[in-house]
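To start, the structure itself, in structure tokens.
Chain letters run A, B, ... following the sequence lines, proteins first and then strands; every chain starts at 1.
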Amino acid sequence: MSDSILLRWTSEATRGLEGYRAAGGYQAARRALTELTPDQVIAMLADSGLRGKGGAGFPTGQKWKFIPREAPVKYVVVNADEGEPGTFKDRTLMEGCPHLLLEGIVIAAATIGARRAYIYLRREFHRCRHLLEEAIAEARRAGLIGDRLLGTEHSVEIVVHSGAGAYIAGEESALLESLEGRRALPRLRPPFPAQSGLYGKPTLVNNVETLCHVPAIVGLGPQRYKELGPPTLFSVSGAVRRPGVYELPLGVTLRTLIFDHAGGLAPGRRFKAAFPGGSSSTLLCESDLDVRLDYDSLRGAGSMMGSAAVIVLDDASDMVEVIARAVEFYRDESCGKCTPCREGTVWIGQILERILHGGGREEDLGLLESIAAGMTGTCFCPLGESVPPNLVLSLRRFREEYGRRLSGEARHGG
Amino acid sequence: MSSGERGGWVGEDESARAAGLSAAARERIRGLSRLYDRRQSALIPALFVAQEEAGYLSPEALEAVAETLDLPLSEVTSVASFYTLFYLEPVGRHVIQLCTNLSCMICGCGDVARRMQEILGVGPGETTPDGRFTLRAVECLGACEEAPVMLVDEDRWPRLRPEALPGLLERYP
């Protein structure tokens with residue numbers, strides 16, 4: 001990991017401020033705040049090709065550029081509500097090196113002219129919360145955040161704000177609702193947060209990993225950063241021998257990631273499928289093992305980069321159980337705002353349950369297809385839209401597994 | 001997202017309502033509201049302050065939070081009932097959050113959950129009769145490299161095996 005850009009910081013030696021600074025930490029912030037103009041920083045991000053790492057993949061430079069310069073009050077909000085099933089890179093970064101995130105926040109806040117930044121951190125990340133609070137106190141004492149930080153005219157306060165258990169709060173407009181102290185229901189967009197975000201003010205919402213790339217881009221320059229990959233964090237879990245976060249160049253193939261880096265499968269097991277970008281991304285099958293894990297290739301394969309969380313299924317997994325469990329998740333996490341998601345996930349869940357427990361009917365498969373069609377393009381936000389693609393794919397590519405359930409051949413799911 | 005039926009506090013006297021939250025907790029909540037440009041932003045942090053004090057959010061505690069932040073009780077109740085980590089009923093001294101999402105399922109959380117239920121004698125969402133543990137089956141905890149994984153209070157326990165559970169639970173008297 002020594003030649004990595006992000007994970008090299010996640011060692012005991014650089015967890016505290018002293019070690020982080022000794023290894024070159026906060027140099028990029030100093031450069032951004034004292035040597036570069038905001039336009040230059042934004043141009044570097046644009047040139048780097050950095051895209052949001054939370055799931056949507058929106059170009060980061062553009063997002064920063066959209067914040068109106070002249071607005072008197074602006075905010076930075078960090079999306080640390082990492083909840084997409086299979087994703088744990090943000091937690092790894094925050095537990096490994098909280099100052100890396102703080103440095104990214106300082107650069108972001110100074111660049112867009114925000115005086116306050118909120119880290120919306122999911123409540124379950126207790127260790128992250130303690131480490132971040134400690135790091136913020138350390139950085140404040142050292143004049144790295146607070147008033148006139150680094151001896152410049154910039155002032156930034158960073159507040160850690162706990163979520164309270166709601167996957168939907170990871171969607172950026174729902175996150176802002178939650179940060180305003182309400183139920184986390186997504187907002188109609190436009191307006192986008194860049195125009196009207198927290199309290200209706202221009203707000204830059206960035207994912208943890210996205211902000212952790214910023215010091216490297218400012219420090220190395222966008223060209224060098226791109227030559228190094230560009231680096232991407234993949235969270236790999238499920239049926240692999242070495243689950244973990246891997247920093248690899250964008251565009252590594254699914255096969256290389258699973259078999260060369262994550263240790264392959266357990267002996268005697270056969271690859272069945274993988275979610276390439278969290279459970280909201282469409283499954284890749286055995287014929288897709290050589291697909292490159294980058295934005296365009298995955299879109300070409302009918303899936304998406306998402307949060308780059310690769311959940312691997314081998315032949316021990318029962319596809320009907322996997323899909324039923326995924327649907328259960330979206331059903332439980334549906335905020336209830338729109339009907340297709342709120343009702344559709346319940347109906348699909350009920351039908352899958354009866355198929356799993358031996359009460360399925362042949363016509364259920366067509367019924368599932370028709371509910372999926374009714375949900376497609378009709379949900380208010382991406383949560384509900386995540387359900388139909390994998391359900392439909394499983395009905396087509398793994399139909400025999402449903403068939404065995406319907407004919408009573410398969411074991412009953414527990 | 002249940003919004004459980006609660007009642008019984010309408011008409012109670014003022015001192016009983018004030019009992020929902022200590023003076024120190026009210027002061028902490030007022031301090032939290034200064035971190036934000038609008039005071040409602042302090043609602044979720046305030047609910048955690050109240051929950052830490054009594055272990056759960058009683059109707060009296062919800063009313064005290066509403067009063068401290070000068071928000072309608074209906075709004076406070078609406079928010080408290082939306083999020084899964086606010087407990088509107090009493091819970092055990094220790095809360096176990098066992099992940100049952102995909103990566104943990106693939107790595108055998110089903111066996112862990114079955115053993116856990118045998119040991120505790122309760123199912124998901126229930127509290128042991130001695131009030132020691134509340135067991136909750138939860139969604140992805142963001143620690144899938146450690147699957148199957150659970151939280152007991154604030155502690156994360158990785159790579160769970162059914163046979164290791166009795167010893168592990170002994171740490172939580």
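No side-chain N or O of A:Ser162 forms a donor-acceptor pair with one of A:Tyr120 less than 3.5 Å apart. A:His126 and A:Arg129 share a donor-acceptor pair across their side chains, judged by distance under 3.5 Å alone. For the residue pair A:Ser280/A:Tyr330, the side-chain donor-acceptor check at 3.5 Å is satisfied.
A cation-pi contact, defined as under 6.0 Å to the ring centre and within 45° of the axis, is absent between B:Arg93 and B:Tyr172.
Both the backbone and the side chain of A:Val322 have a heavy atom closer than 4.5 Å to some heavy atom of chain B. Neither the backbone nor the side chain of B:Arg39 comes within less than 4.5 Å of any heavy atom of chain A. For B:Leu151, the part sitting under 4.5 Å from any heavy atom of chain A is the side chain, from C-beta outward, and nothing else. B:Tyr36 touches chain A through backbone and side chain together, each having a heavy atom under 4.5 Å away. With a 4.5 angstrom heavy-atom cutoff, A:Ser178 touches chain B via backbone and side-chain atoms both. Using a 4.5 Å cut-off between heavy atoms, A:Ala309 makes no contact with chain B at all. Neither the backbone nor the side chain of A:Glu157 comes within less than 4.5 Å of any heavy atom in chain B. Within the 4.5 angstrom heavy-atom criterion, no atom of A:Glu177 approaches chain B. For a residue to count as touching a neighbouring chain, one of its non-hydrogen atoms must lie under 4.5 Å from one of that chain's; by this rule A:Val240 does not touch chain B. For a residue to count as touching a neighbouring chain, one of its non-hydrogen atoms must lie under 4.5 Å from one of that chain's; by this rule A:Arg182 touches chain B with backbone and side chain alike. If you measure heavy-atom distances from B:Ile106 to chain A, the contacts under 4.5 Å come from the side chain alone. Neither the backbone nor the side chain of A:Tyr167 comes within less than 4.5 Å of any heavy atom in chain B. Residue A:Arg122 touches chain B through its side chain alone, counting heavy-atom pairs closer than 4.5 Å.
Counting only distance, with no hydrogens or angles, the side chain of B:Asn101 and the backbone of B:Val138 share no donor-acceptor pair below 3.5 Å. Put simply, the side chain of A:Glu82 gets close to the backbone of A:Asp90: a donor and an acceptor are under 3.5 Å apart. B:Arg30 contributes no side-chain N or O that, together with a main-chain N or O of B:Ala25, makes up a donor-acceptor pair within less than 3.5 Å. Judged purely by atom type and a 3.5 angstrom limit, B:Asp153 has no side-chain atom pairing as donor or acceptor with the backbone of B:Asp155. Between the side chain of B:Glu126 and the backbone N or O of B:Gly123 there is at least one donor-acceptor pair closer than 3.5 Å.
Atom OG1 of residue A:Thr282 and atom CG of residue A:Asn390 lie 5.0 Å apart, to the nearest 0.5 angstrom. To the nearest 0.5 Å, atoms OH (A:Tyr199) and CG (A:Leu176) are separated by 10.0 Å. Within the model, atoms CD of B:Glu145 and SG of B:Cys107 stand 11.0 Å from one another, a figure rounded to the nearest 0.5 Å.
Ranked by non-hydrogen atom pairs under 4.5 Å with chain B, the options A:Ser237, A:Gly163, A:Ala184, A:Ala326 are led by A:Ala184. Taking A:Glu180, A:His161, A:Arg325 one by one and counting their heavy-atom pairs under 4.5 Å with chain B, the maximum is reached by A:Arg325. Between chain B and the residues A:Arg242, A:Arg116, A:Lys201, the largest count of heavy-atom pairs under 4.5 Å involves A:Arg116. Most heavy-atom pairs under 4.5 Å with chain A, from the set B:Ala143, B:Ala42, B:Ser78, B:Gly110: that is B:Ser78. Across B:Gln97, B:Glu146, B:Glu139, the residue that shares the most heavy-atom pairs under 4.5 angstrom with chain A is B:Glu139. Between chain A and the options B:Leu43, B:Asp37, B:Leu69, B:Ile44, the largest number of non-hydrogen pairs under 4.5 Å is found for B:Asp37.
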